[in-house]
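Mind having a look at this structure? Questions to follow.
Everything numeric in this text was worked out from a predicted model, so none of it was measured. Heavy-atom basis, side chains included; hydrogens, waters and symmetry copies ignored. Here, residue 1 is the first one in the sequence, and each next residue gets the next number.
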Amino acid sequence: MALTARQKETLHELTTRGVLSAEQESTVIAALEDTRAPSRLADRIAEIAAYLGGGLVLGGAALVLGVSWEDLTRPAKVAVLGGATAALIVAALVVAGGLSAVRTVSHRRRRVVSTLFSLAAVTAAFTAGTAVSSHEVVVGATTGLVVAAAAYVLVTTALAYLTLAAAAIGAVLAWVTELVPDSVLPGAAALFALGVIGMFLSVVDVLRPTQLALAVGAATALFGAQQPLGGHAPVAYALTACLALVCFATYFGVRSTVLLVAGVVATTIVVPEVVWDLTDGAVGGGVLLLVAGAVLLATSLGSTWMRRTR
C-alpha cells in the first residue's frame, strides 16, 4: 500500500531533526513506494500526460509569442508568459497533491513535479524580463534564479539542480555584463568563484546529487578560468592551476573520482598552455602532445599514490 500522509510527516520530522538528510528521506520514500503493487496503466498515462502538457504549454506560449511578438503589447506578452508560468506551477502542485506534499511526493510523481517546476523557472525568467523596460536581462536572469532555487529546495532532483546551476550561471553573467561590460576578467573571476563555491557546497552535502554538483562546479570553474586566455593569459593559467590544486587537495578528504578527473583535466590543459606561452609558440604540436602525455602519466602516478595513501 502507499505511504499515508502521517507516515510521510513522520519521515519529514526525522529530516527536520537532522536524523535524515533530505536526499535520504526521498530515497526512503521512493524505496517504500516501490514495494507497492505495480503502478496501474492509468498512473503511467497520467505521468506521460503531465510531461506532454508541460511541454505543450511551453511550446504553445513560444509559438504565440513567436508569431505575433511584434503585434502584441507589453502587457499582452507578460500575460501570455505569466499565464504559462502559473499553469506550470499549478500543474506541479496538483501532481504533487498540494504544496504540503511537494517535499514528500513519491518517486514517479517527483520527476514530473521537478520537470514542471524547471519549465516554470524558464518562463518566469522571460516573464520578468518582458515586464520591465530596462535591465531586462538582469531582471529576467535573477527571477529565473530565484524560481529555480525555490524549485530545487522543494524538489531536490538532478534536473532541479541542473536548472539551478544554469540559472546561477546566467544570473552571474547578466550582472557582471551589466556592471562591467568592457572587461572579461570580472566575468571570468565570477564564474570561477561560482564553480568553486558550487564544489564546496556539494562537498558539505548542501547541493545534491553530490557527484553531479561536483562535476558541474568543476566545469563552471574551468570555463571561467579559461576565459581570460586571449588578453590576460597569465590570469587564465593561474586560475586553471588553482583549480587543479583545489581538486587534488580536496580529493585527500573526499573520495570522489570527479575531483580527480577535474584535477587531471585542468592540469593537462594548463601545462601545455604555459609551455606554448613560454616558448612563444616555437614548440610544435607533437611536443605539446608529449608534454600533455607526460602530465597525464605524472598525474596518474600521483593519483595512484594518493589512493594508496588513503
- Query: Looking only at heavy atoms, what is the nearest atom pair of P209 and A158, with distance?
  - Reply: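 Distance-wise, the nearest heavy atoms are CD-CA, 3.9 Å.
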
- For the side chain of R74 and the backbone of V132, is there at least one donor-acceptor N/O pair under 3.5 Å apart? yes

- Going by heavy atoms in the side chains, are L162 and L212 under 4.5 Å from each other? yes

- So which heavy atom on P181 is nearest to which on E178, and how close? CD-O, 4.3 Å

- Item | Residue among T156, T157, T163 satisfying side-chain hydrogen bond (donor to acceptor under 3.5 Å, both in side chains) with S114 |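 With S114 as partner, T156, T157, T163 yield a single side-chain hydrogen bond (donor to acceptor under 3.5 Å, both in side chains), made by T157.
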
- Identify the heavy atoms of A262 and C247 that sit nearest to each other, and give their distance. CB-SG, 3.7 Å

- Task: For T177 and A174, indicate whether the former's side chain and the latter's backbone hold a donor-acceptor pair under 3.5 Å.
- Result: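 Pair absent, no side-chain N/O of T177 close to backbone of A174.
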
- Task: Check whether any side-chain heavy atom of T250 sits under 4.5 Å from a side-chain heavy atom of M199, and report yes or no.
- Result: no

- Task: Taking all heavy atoms of V147 and all of A124, pick out the closest pair and write down the distance.
- Result: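 So the minimum-distance heavy-atom pair works out to CG2-CB, 3.8 Å.
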
- T143 side chain reached by T127 side chain, heavy atoms, under 4.5 Å: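 With C-beta onward as the side chain, the pair stays apart.
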
- Query: Linking I/L/V/M/F/W/Y whenever their side-chain heavy atoms sit closer than 4.5 Å, directly or via other members, would L88 and L93 fall into one cluster?
  - Reply: yes

- Query: If two hydrophobic side chains count as joined below 4.5 Å and joins carry through other members, does V196 share a cluster with L164?
  - Reply: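 As far as the 4.5 Å side-chain criterion goes, L164 and V196 are not connected within one cluster.
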
- Quick one: are D277 and Y237 in side-chain contact, heavy atoms under 4.5 Å? yes

- Item | Minimal non-hydrogen separation, A218 against L243, with atom names | O-CD2, 3.9 Å

- Message: If hydrophobic clusters are built by linking Ile, Leu, Val, Met, Phe, Trp and Tyr wherever their side-chain heavy atoms come under 4.5 Å apart, do V203 and Y161 end up in the same one?
- Response: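 In one cluster: no.
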
- Task: Consider only side-chain heavy atoms of I, L, V, M, F, W and Y, link residues closer than 4.5 Å, and tell whether L259 and V261 are in one cluster.
- Result: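 Yes, it is one cluster - the side chains of L259 and V261 are joined through contacts under 4.5 Å.
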
- Item | Close side-chain approach of F117 to V102, heavy-atom, < 4.5 Å | yes

- Taking side chain as C-beta onward, heavy atoms only, is S256 less than 4.5 Å from Q211?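 They are in side-chain contact.
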
- Out of curiosity, does V216 fall in the hydrophobic cluster containing L159 (side-chain heavy atoms, cut-off under 4.5 Å, transitive links)?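 Result: no, two separate clusters.
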
- Task: Over all heavy atoms of both residues, which pair between F192 and C242 is shortest? Give the atoms and the distance, please.
- Result: CZ-CB, 4.2 Å

- Query: Do E273 and Q226 touch side chain to side chain, with heavy atoms closer than 4.5 Å?
  - Reply: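 They are in side-chain contact.
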
